[in-house]
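Predicted model, so just to flag it, every value in this text is computed and none were measured.
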Amino acid sequence: METFGQRLRRLRTEAGLSQSQLAHMVPVSQASLSRYESDRQAVAHDLAERLDELVNANGALLSLCHQLDAAETTCSTRVLDAAAEAAFENAPDLAALIADRTAQFRRLDDFVGGRELYPSVRRSFEAASAACRDDTTALADLSELGQIAGWVASDAGHVTDAAHLYLTAAKAGTQAGRLDFGASALSSLAYQLANSPAMSDRAEAVLLASAVADRADGIGRALLLDRLAWTHARVGDAAAASRVLDEVDDVFADAREPAPTWAYWLDQDEINVMRGRCMVELNRPSAAIELLSDALSRYDPTRVRERGLYTTYLAEALVKEGDVTEARRLLDGMRQAESARLEARLDVLT
């Protein structure tokens, strides 16, 4: 049987397309397309669907992708699914179990790429959701689990699944009377939309992030505003982005309560990184280089994905300043992570 890569290469050739032509149409880098064709990198369903369309495969590529997924999810996966269901169904304290599982996934997300973590987090969320039909007291905890599940799904490249998970998490938070949980989930969805290549998605991200920015206080509000600033930068609104970034600094400095669980990771370095990223988007590379270099000098090297993501923005700023050699050195020294987010950034730069 043909592998996915072999079939993709054959169909591309039959369509009369070179690797560089097809890569430009997707769009991904030619290096990424080469990895797909040599079966050295897995392809997310959304990307497989796009490739199927571009090479006029009439579902032949997508069906093979489904077949490969099915082959990988046999008896062992069914056993794991059943185990997850049993754990949540028989939990003496469902809310506590969901909260504990969410905390574990948050810790794992710092060190494990989305592609590796996604099957486990999705399995737990589905089992927890089923259990919550009979125990609505755990809906607030389900909302937090749904948000981390959406984040991991997005990092795995499953953006459609991620959107569904974010919306489900927002609904659970609202039903539990926790507007801040719902706002956090929706702002995460706005962040995902802002990273889309389609300007229409970015414009929708601005509206969504704006609508929920005032639904939390303290550090939680600072995080919601941070994501709002990013949406403004992604549509090129420099004035709005700068205004909101200044508000983030003020809100964070005035915060007196500990961060909510969904914003536990936000600190001044992360805020400065976001300001630096916005400066890259707004073609202010000199300011970005200073901000990003300073934050990365203190960044935990074990957090490979985030360090890699932020390094790509520093490299982009360096290129805009004309220092291609240093940008290349930074990118060549990066460690790899099983993250569609990081790969998408590298595609932009290569």
Side-chain angles (χ1 to χ4, degrees), residues 18-38 40-43 47 110-115 154-155 157 191 194-197 199 202 226 229-230 232-238 241-242 245 265 267-350:
S18 68
Q19 263 192 0
S20 61
Q21 287 172 325
L22 181 57
H24 180 74
M25 294 163 68
V26 174
V28 295
S29 68
Q30 186 174 346
S32 290
L33 188 62
S34 176
R35 290 194 295 269
Y36 303 149
E37 291 192 349
S38 59
R40 288 185 289 118
Q41 182 175 323
V43 180
L47 180 56
D110 284 339
F111 307 103
V112 180
R115 290 200 182 96
S154 185
D155 194 51
Y191 180 81
N195 291 326
S196 167
M199 186 57 72
R202 299 182 199 179
D226 219 30
W230 178 243
H232 285 307
R234 286 289 285 167
V235 297
D237 190 340
S242 296
L245 285 168
W265 50 270
D267 59 20
Q268 191 60 58
D269 277 340
E270 292 287 354
I271 289 171
N272 290 342
V273 164
M274 180 58 84
R275 184 181 284 272
R277 291 172 62 193
C278 288
M279 294 303 101
V280 175
E281 288 290 319
L282 298 170
N283 290 311
R284 299 176 183 175
S286 59
I289 290 170
E290 182 178 353
L291 287 160
L292 293 168
S293 297
D294 181 61
L296 283 168
S297 70
R298 292 183 293 275
Y299 211 81
D300 184 349
T302 64
R303 297 184 65 185
V304 175
R305 179 189 56 215
E306 271 67 33
R307 188 177 181 86
L309 280 169
Y310 302 160
T311 299
T312 65
Y313 286 97
L314 176 55
E316 186 175 354
L318 287 165
V319 169
K320 290 182 176 182
E321 282 286 270
D323 195 347
V324 177
T325 300
E326 178 62 11
R328 193 183 308 278
R329 185 191 69 79
L330 288 175
L331 295 177
D332 288 344
M334 279 176 47
R335 293 168 59 189
Q336 297 300 307
E338 287 295 313
S339 166
R341 283 192 184 94
L342 181 53
E343 288 168 5
R345 281 294 304 158
L346 290 171
D347 284 343
V348 169
L349 300 176
T350 57

- Query: How far apart are the C-alpha atoms of E281 and R202, what are their side-chain angles, what is the distance that settles it, and do they pass the salt bridge (Lys or Arg N to Asp or Glu O under 4.0 Å) test?
  - Reply: CA-CA 13 Å; E281 288 290 319; R202 299 182 199 179; 5.2 Å; no
- Do L318 and V324 come close enough that some side-chain heavy atom pair is under 4.5 Å? no
- Check: L292 and V280 side chains under 4.5 Å, non-hydrogen atoms: yes
- Query: What distance do R341 atom CZ and S154 atom OG have between them, rounded to the nearest 0.5 Å?
  - Reply: 4.0 Å
- Residue list, salt bridge (Lys or Arg N to Asp or Glu O under 4.0 Å) with R307, at least two apart or on another chain: none
- Task: List the steps and the verdict of side chain to side chain contact (heavy atoms under 4.5 Å, CB included) for L346 and M334.
- Result: CA-CA 11 Å; L346 290 171; M334 279 176 47; 4.1 Å; yes
- Query: Side chains of Y36 and L47: closer than 4.5 Å at any heavy-atom pair?
  - Reply: yes
- Message: Can a donor-acceptor pair be found, under 3.5 Å and without considering hydrogens, that links the side chain of R234 to the backbone of S196?
- Response: yes
- Message: Which residues pass the salt bridge (Lys or Arg N to Asp or Glu O under 4.0 Å) test with R329, not counting sequence neighbours?
- Response: E326
- Task: Hey, could you give me each pair passing ring-ring contact (aromatic ring centres under 6.0 Å, His included) that has a residue in residues 290-311? Not counting sequence neighbours.
- Result: Y299-Y310
- Task: State the CE-OH distance between M274 and Y191, to the nearest 0.5 angstrom.
- Result: 5.0 Å
- The side chain to side chain contact (heavy atoms under 4.5 Å, CB included) partners of A238 (sequence neighbours excluded) come to L282, R284
- From CZ (R305) to CD (E343), nearest 0.5 Å: 12.0 Å
- Across all chains, not counting sequence neighbours, the side chain to side chain contact (heavy atoms under 4.5 Å, CB included) partners of R345 are L309, T312, Y313, E316, V348, L349
- Please determine which of Q268, R275, E270 meets the side chain to side chain donor-acceptor pair (under 3.5 Å) test together with N272. Q268
- Task: Would you please name every residue forming a ring-ring contact (aromatic ring centres under 6.0 Å, His included) with F111, sequence neighbours left out?
- Result: none
- Query: Between CD of Q19 and CG of L33, what distance do you get to the nearest 0.5 Å?
  - Reply: 5.0 Å
- Note on the structure: Distance col, row I271:CD1 vs L291:CG, nearest 0.5 angstrom, shows 12.0 Å
